Structures are given as C-alpha cells and as structure tokens.
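Read the structure below first, then the notes.
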Amino acid sequence: MTNEVTVPLLPCASIDDIENFYGVLGFRTTYKQRKPNPCVGVQREDLHLQFFEIPGFDPEQSYGSCLVLTEDIEGLHRAFAAGMRAAYGKVLVSGTPRMTRPRARKNADGWGGFSVIDPGGNWIRVFRHPATAPVPATTAAGRLAKALANAVVQADSRGTAGQAVRILDSALARPQADDDPVEQVEVLVYRAELAMVLHDPETAAEMLARARSVTLTDEESERAASAFDNAAELAAAMR
C-alpha cells in the first residue's frame, strides 16, 4: 500500500496556546474539541500535527517530539520567522516557545536542520529530506568548528544548553594562533544564543560585542555573513 499518512499526537497544557502559536507559524486549525478530551489539529500544507491537553502538564518536562522532512528547510524557517516577527516583533530564541536556526547536525550525518519548541514543550525537528538534497560536505574543520558542532548536538538536538556552554567556553578560553576568525565569530554568536536560552542577557551582549570586534578580511566577512545575520536577530530579540 502507498500514500499512508502519519500524524503525530503530542501533549500540551493548553490547546488554545497551541492553536494560537501554530497560527502564527501559518497553520490552520483542522479540528478542535473541548469534550470529552480537549484536543486540536493543525495543518500547514502537507504538515499535520495534533495535540491533546493534559491538566497540570509541565512543558519543561515534555518528551514530545517529531521529525519533519522537507526539501527547503531555509524557506520553512524564513516563513516561521516572518510569522513570529509579525506576531511578536521578533523571532523567539529563548523560553518556551522558541525556534533554533538551521544548522548542520553532526549527529544527523551533516544534514541541516532546525527545531521549533512549541508551547507544549514539544520539539518539532525539521530536517532536509535526504532523498532530495546533495550529500553534505565533509571538509576538514578547525578546532573551533569542531567545538561548535559538538555544542549544536548538545543544545539544538538534546536540549542541554548548559553542556553546550561548557564546550564553547572551554574552546574560547584557549585561543590559538591558527584559529579561523570566521569560526571564532560563529562560536561567539552561538554562545550568545545559548546565553539567551539560559536567560543570561549580559553574557549574550558580551559575546555579540566580542563577535563584532573580530578582525576579518573581505573574504572572511562574506563567509561570516550568516553568523552576523544571526547576531542581528539576537540583538533584536534582546530589545
């Protein structure tokens, strides 16, 4: 048989909060009921999600998660980010709900991905569909890039931002003469993002300032453009 569809059923504390949040991301409500069991279904194109309400549920303790495979993670991320900016005036990068940025995942064979953590604490993990994407590059990376890759696994995949911070702080505490300045910028900006996740705006501001102070050539500035875009987004979210 073909054309089967799987729809995740995920827990939440409030179906109203879920409905409102996914509406911001461009989903429409397909079903909602209050009795006998509160539940809601949402849909965005071919992406279907359903949620059930549990009284007293703590989103911080949720293990709810699902995978979304798409041909265009950047386009989907841009659409979600635009919805957040329109509704909240910024992209949510800390607290619950929030959204990470698209990044290569060491623990997913280098495939790019990002996560949406919704009001129920569910991790909606978006990855590029391997059947329609080029094989990820396997170029050699410096020690800072390797530290960054390990930190991304901890924070963006496992949700252990504290462990990711320890990895990056250890790498930043031992600068070496041959460190790639672009990798330094990328690590500093990601460290700022993690500080925001951990509700530490002072450290976030310090890391962004350090990233801006790194001396770059024109070619290095082009390579660091994505990191500086992220830095600008983080700075906007801090206002």
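None of the values given here were measured: they were computed from a predicted structure.
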Report whether Y190 and M99 are members of the same hydrophobic cluster (ILVMFWY, side-chain heavy atoms less than 4.5 Å apart, transitive linking).
yes
Give a yes or no on whether L208 and V214 share a hydrophobic cluster (residues Ile, Leu, Val, Met, Phe, Trp, Tyr; joining criterion: side-chain heavy atoms under 4.5 Å apart).
yes
State whether the number of non-hydrogen atoms from other residues, nucleotides or ligands found under 6.0 Å of E202 atom CD is greater than 12.
no
Does CD in Q163 sit with more than 12 non-hydrogen atoms of other residues, nucleotides or ligands closer than 6.0 Å?
yes
Report the C-alpha separation of F52 and N37 in whole Å, then their side-chain angles, then the decisive distance to 0.1 Å, and conclude whether the side-chain contact (heavy atoms from CB on, under 4.5 Å) test is met.
CA-CA 7 Å; F52 56 95; N37 303 302; over 6 Å; no
Rounded to the nearest 0.5 Å, what separation is found between the OH atom of Y22 and the CZ atom of F80?
8.0 Å
D16 versus K32: any side-chain heavy-atom pair under 4.5 Å?
yes
What verdict does the side-chain contact (heavy atoms from CB on, under 4.5 Å) test give for M84 and F21, after you've listed the backbone C-alpha separation in whole Å, the side-chain angles of each residue and the deciding distance to 0.1 Å?
CA-CA 9 Å; M84 287 184 176; F21 175 72; 4.1 Å; yes
V24 reachable from I15 in the ILVMFWY side-chain graph, under 4.5 Å edges:
yes
Could you check whether atom CG of D46 has more than 12 heavy atoms from other residues, nucleotides or ligands sitting under 6.0 Å from it?
no
In the single-linkage hydrophobic clustering (I, L, V, M, F, W, Y; side-chain heavy atoms under 4.5 Å), do V42 and W123 co-cluster?
no
Check whether any side-chain heavy atom of F228 lies under 4.5 Å from a side-chain heavy atom of S221, and answer yes or no.
no
Within-4.5 Å side-chain heavy-atom neighbours: R101 and E193
yes
Evaluation steps, side-chain contact (heavy atoms from CB on, under 4.5 Å), between E220 and V185
CA-CA 10 Å; E220 288 168 344; V185 170; over 6 Å; no
Does some side-chain heavy atom of F27 sit less than 4.5 Å from a side-chain heavy atom of H48?
no
Derivation and outcome, side-chain contact (heavy atoms from CB on, under 4.5 Å), residues V93 and R98:
CA-CA 5 Å; V93 297; R98 66 184 184 276; 5.7 Å; no
Is there a donor-acceptor pair closer than 3.5 Å between any side-chain N or O of R143 and the backbone N or O of D179?
no
Does the side chain of Q184 reach to within under 4.5 Å of the side chain of V182, using non-hydrogen atoms?
no
Counting distance only, does the side-chain N/O of T100 pair as donor-acceptor with the main-chain N or O of S115 below 3.5 Å?
yes
Tell me, yes or no, whether the heavy-atom count around D218 atom CG, taken from other residues, nucleotides or ligands under 6.0 Å, exceeds 12.
no
Honestly curious: do V152 and I167 fall in one hydrophobic cluster under the side-chain, below-4.5 Å linking rule?
no
So do P11 and S62 actually touch side chain to side chain, heavy atoms under 4.5 Å?
yes
